[in-house]
Each structure stands twice: as structure tokens, then as C-alpha cells.
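What follows is a set of notes on a single structure, which appears directly below.
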Number of protein chains: 2
Amino acid sequence: MLVPMGRPKEFDPERAVAEAMEVFWTQGYGATSPQQLADRLRIGKGSLYNAFGGKRQLFDLALRHYLDLRVEGLAHWLEGTAPVKDRLREALLFLLSSDPDTLDRRGCLAINSAVELGRLDEAVATQVRGLFDRVEGVFASLVARGQREGDIRGDVDAKALASVLLNTATGLLVLSRLEPGPDRLTRVVDTTLALL
Amino acid sequence: MLVPMGRPKEFDPERAVAEAMEVFWTQGYGATSPQQLADRLRIGKGSLYNAFGGKRQLFDLALRHYLDLRVEGLAHWLEGTAPVKDRLREALLFLLSSDPDTLDRRGCLAINSAVELGRLDEAVATQVRGLFDRVEGVFASLVARGQREGDIRGDVDAKALASVLLNTATGLLVLSRLEPGPDRLTRVVDTTLALL
DNA sequence: CTTGTTCTTGACCTGCAGGTCAAGAACAGG
DNA sequence: CCTGTTCTTGACCTGCAGGTCAAGAACAAG
């Protein structure tokens with residue numbers, strides 16, 4: 001069964017999921033039609049339904065792929081020896097755009113999806129909650145280290161500060177969709193870090 | 001023209017807009033059909049189109065009504081003589097729910113709409129930006145007063161702190177749609193205020 | 001009570017979202 | 001090269017979103 005019999009797929013399902021993630025990220029779930037997806041993935045619509053089952057199932061895979069990418073990125077945040085505040089700044093700014101010079105303006109697929117679907121769709125809400133918990137955990141580790149190194153004030157519980165940072169990141173990702181320029185966003189980042 | 005001729009409307013357009021606001025707030029723009037709106041407003045679908053022009057125009061009115069309500073609430077924040085931090089706490093918690101005991105879980109219509117439509121719809125984005133600017137301005141006034149009264153640290157620019165508060169409020173309103181309980185939200189509020 | 005105007009309603013229309021399927025193509029095994 | 005299996009595609013289907021409209025009702029003016 002390692003080589004399944006029958007006609008082999010002509011496309012790479014993982015690449016397709018990654019592409020679908022981009023589409024959902026840019027357009028949102030409701031504003032994306034199966035036809036658009038098929039076009040972007042370079043496959044027929046029937047092929048899409050044969051491979052993934054439907055728009056919703058493909059979205060679940062795309063969202064999970066996004067979460068995996070983010071979680072993968074978290075590990076990177078924990079490495080390194082630079083002062084914690086510098087790394088927090090880098091992390092927050094990276095969320096806004098992988099390219100430091102230009103705003104992404106798409107925000108975060110997890111947050112966008114939670115806002116669009118989270119009230120009715122418990123599955124999506126659970127997925128996104130899981131990411132938030134992990135992000136908060138990473139923030140807590142970083143803050144604790146910063147406190148040991150004297151880089152971050154020690155009179156506030158690390159977990160409480162981590163919750164604040166999670167909330168700050170969430171706000172930034174939403175505001176980034178509206179802000180015309182990066183001024184307010186960088187001001188938020190700088191000021192927040194100054195308060196720690 | 002004070003009394004327009006012809007058959008008079010059988011419903012109050014302002015009440016209808018207010019009701020439409022509730023529907024869009026609860027369900028989102030895309031997930032709300034004209035038929036649902038007509039049912040909730042207790043009018044026929046044709047009547048809805050005659051009175052408002054279409055789903056999108058009605059949404060614009062509903063959003064503007066929401067913004068008016070919020071701006072109206074801002075004035076209330078500025079009044080009173082209680083310590084600024086206490087009033088900031090009250091304001092942030094009020095955003096999460098007009099009833100202090102139960103989470104609203106609908107978040108903020110402006111933010112939800114910006115996330116759902118903001119990328120394609122510049123009109124919505126502009127409206128929401130306007131609200132954000134005013135909220136930030138009110139925060140700045142409050143912070144400045146708090147700094148004069150010694151309630152808030154004076155070593156950080158009031159406008160910078162106002163941006164942080166705006167971002168914090170945004171994050172809270174998004175997280176409130178996902179959080180199972182109020183624990184994390186109140187922790188964010190308390191910790192943020194402690195940092196000021 | 002006639003006329004002109006505006007409101008009300010539900011039947012009706014168009015287009016597309018979301019999905020199904022039959023026909024055939026591309027494999028592996030025998 | 002025949003068979004069973006899986007993939008591919010576009011035509012096709014159903015339902016509903018979003019909107020239009022004709023017929024009639026409720027007014028004010030004259």
C-alpha cells in the first residue's frame with residue numbers, strides 16, 4: 001500500500017493545501033468559491049472534491065497547515081541569545097510581515113477565521129484556541145527568561161505578561177489590516193516593550 | 001414635505017436599522033441573507049429594498065449606527081471623577097459586555113466587519129479607522145489626566161500609551177469571541193493597567 | 001372621489017455557490 | 001493485454017442569495 005494502485009495523482013496534495021491556505025488567507029473563507037480554488041490549485045473542480053472532500057475539509061487542512069507553520073516559527077523564537085526584549089520585538093514585527101519593509105495586511109489566518117467562523121464553528125474555534133495557548137506559553141518562557149536576566153521587570157507574573165503579549169499580538173494583527181502605514185503599529189510595539 | 005405624501009411607512013426606519021445592526025453584529029455580513037433581515041425587521045423583502053436600497057446600503061447604515069452608539073459611549077468615559085485607572089478598567093470591561101457578569105462573545109461590529117470586509121471594501125475600512133482614531137483620542141485624554149493626577153506613570157508619552165490601550169481593546173474584543181471564560185480577559189485587563 | 005404619490009408584499013428572475021457524476025485516462029498486478 | 005483501482009475533467013444539478021417588479025393599499029391634495 002506504500003505505492004497505492006490506480007492512477008497516480010497529478011498534483012502534490014501538500015502543495016495544493018499550501019496554496020489553498022494562501023487563498024483563504026487573502027480572501028477569507030466565505031469569499032472563496034470552489035471554482036476559484038480549483039483555478040488556483042491548477043486542478044479541475046471534481047478533482048478537488050475527489051481529493052479533499054469539499055471546500056470545508058480543504059479549509060480545515062489549510063488552517064491546520066497554517067497552524068503548523070506558526071508553531072514551527074515559535075521554536076525559532078525561543079532560540080538565540082540576544083536580549084529577550086529585542087527578540088520579542090522581532091517576533092511581533094515578524095507577525096505583521098515576513099518582509100520587514102512592507103506591511104502584509106492579510107493579518108493572521110487563524111484570527112481572521114476565528115472572527116469569521118468562530119461563533120458557529122466550534123472546530124475552528126478549538127484549533128485557534130490551541131494556537132493561542134501555545135503562543136502564550138512561548139511568550140511565558142521568554143518572559144521568564146527575561147526576568148531572570150534582568151531584562152524584564154520581575155514584579156509581575158510571567159504568565160500574566162504572556163497573556164498581555166498574546167493580546168497585544170492579536171490586536172496588532174487586526175489593526176494591520178486597517179492601518180494605512182506602520183507608524184501606529186510600531187508605536188504599539190515599542191511602547192508595549194517599554195512597559196515590560 | 002415635512003409630511004411626505006403617499007402611503008406612510010408602517011415601520012420605523014431607525015428601529016429597523018438598529019435591529020439590522022444586531023443581526024449583522026451577531027451573524028456577520030456575509031452570513032446574513034436579505035430574507036433573514038426581512039424576517040427580523042418584520043417587513044417584506046421588497047419593502048426592505050424599497051426603503052434601504054439593498055443589503056449593502058442597509059449594512060452601511062447599521063455600521064454607522066453602531067459607530068454612533070460607540071462614540072456616544074465615549075463621552076461617558078470622559079466624565080466622572082473616579083481614578084483614571086478605575087475608569088479605564090470599567091471602560092475595557094464594558095467593551096466586552098454591557099452586562100458585567102456575562103461575556104457577550106459577539107466582539108465589536110466594527111472590528112468584525114473590518115476583518116471580514118476591510119481588505120476589499122475601503123468604505124468600511126475608512127469608517128472603522130475613524131472610530132479607532134476617536135477611541136485613541138479619548139484614551140489619550142484620559143491618560144494625560146491620569147498622568148497629571150499621578151495615577152499613571154509619566155515617563156511615557158500619553159499618545160503612545162493611548163495607542164497601546166487601543167490595541168489592547170482590539171485584542172480583547174477578538175479574544176472574547178474565542179475564550180471559554182473571562183479569566184484570560186480579566187488577567188489581560190488587570191495586568192495592562194498595572195503596567196501603566 | 002379622483003389623482004398622484006409612496007409604501008407593501010410575495011411571486012418571480014438571474015446567477016452562482018457548492019457539489020455530484022459519468023466517461024474516460026493512467027497506473028499495478030496478474 | 002485484461003482487470004481492478006484510482007485520478008481527471010467538465011457537464012450537470014439543486015438551492016439559495018440578491019434583487020426586481022407588478023398589483024394593490026394607504027395616504028394628501030384638489
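Convention: sequence-line order gives letters A, B, ...; per-chain numbering from 1. Because the structure is a prediction, the values reported are computed rather than measured.
The closest side-chain heavy-atom distance from Phe132(A) to Leu175(B) is below 4.5 Å.
To the nearest 0.5 angstrom, Leu88(B) atom CG is 8.5 Å from Asp151(B) atom CG.
Taking atom OH of Tyr49(A) as the reference point, atom C1' of dC13(D) lies 13 Å away to the nearest angstrom. Rounded to whole Å, atom C1' of dG18(D) lies 13 Å from atom CD of Gln36(B). The distance from atom CD of Glu10(A) to atom P of dC7(D) is 11 Å, rounded to the nearest whole Å. The distance between atom CD of Gln35(B) and atom P of dG18(D), rounded to the nearest whole Å, is 11 Å. For the pair Leu41(A) CG and dG10(D) P, the computed distance is 14 Å after rounding to whole Å. dG15(C) atom C1' lies 15 Å from atom NZ of Lys55(B), rounded to whole Å. Atom CZ in Phe52(B) sits about 11 Å away from atom P in dC7(C), given to the nearest Å. Computed from coordinates, the Phe11(A) CZ to dT6(D) P distance equals 15 Å when rounded to whole Å.
Without hydrogens or angle criteria, Glu116(A) side chain to Glu116(B) main chain gives no donor-acceptor distance under 3.5 Å. Looking only at distances, no side-chain donor or acceptor of Arg153(B) sits under 3.5 Å from a matching main-chain atom of Leu196(B).
Mapping Gly30(A) and Ser47(A) onto DNA chain C by nearest heavy atom places Gly30(A) closer to the 5' end of the strand. Each of Gly53(B) and Pro8(B) was matched to the nucleotide of DNA chain D holding its nearest heavy atom; the match closer to the 5' end belongs to Gly53(B).
Counting any heavy atom pair closer than 4.0 Å across all strands shown, Gly6(B) reaches a base atom.
Between the base of dC7(D) and the side chain of Arg7(A) there is a donor-acceptor pair shorter than 3.5 Å.
With a cut-off of 3.5 Å on both pairing distances, the Watson-Crick or G-U wobble partner of dA22(C) is dT9(D).
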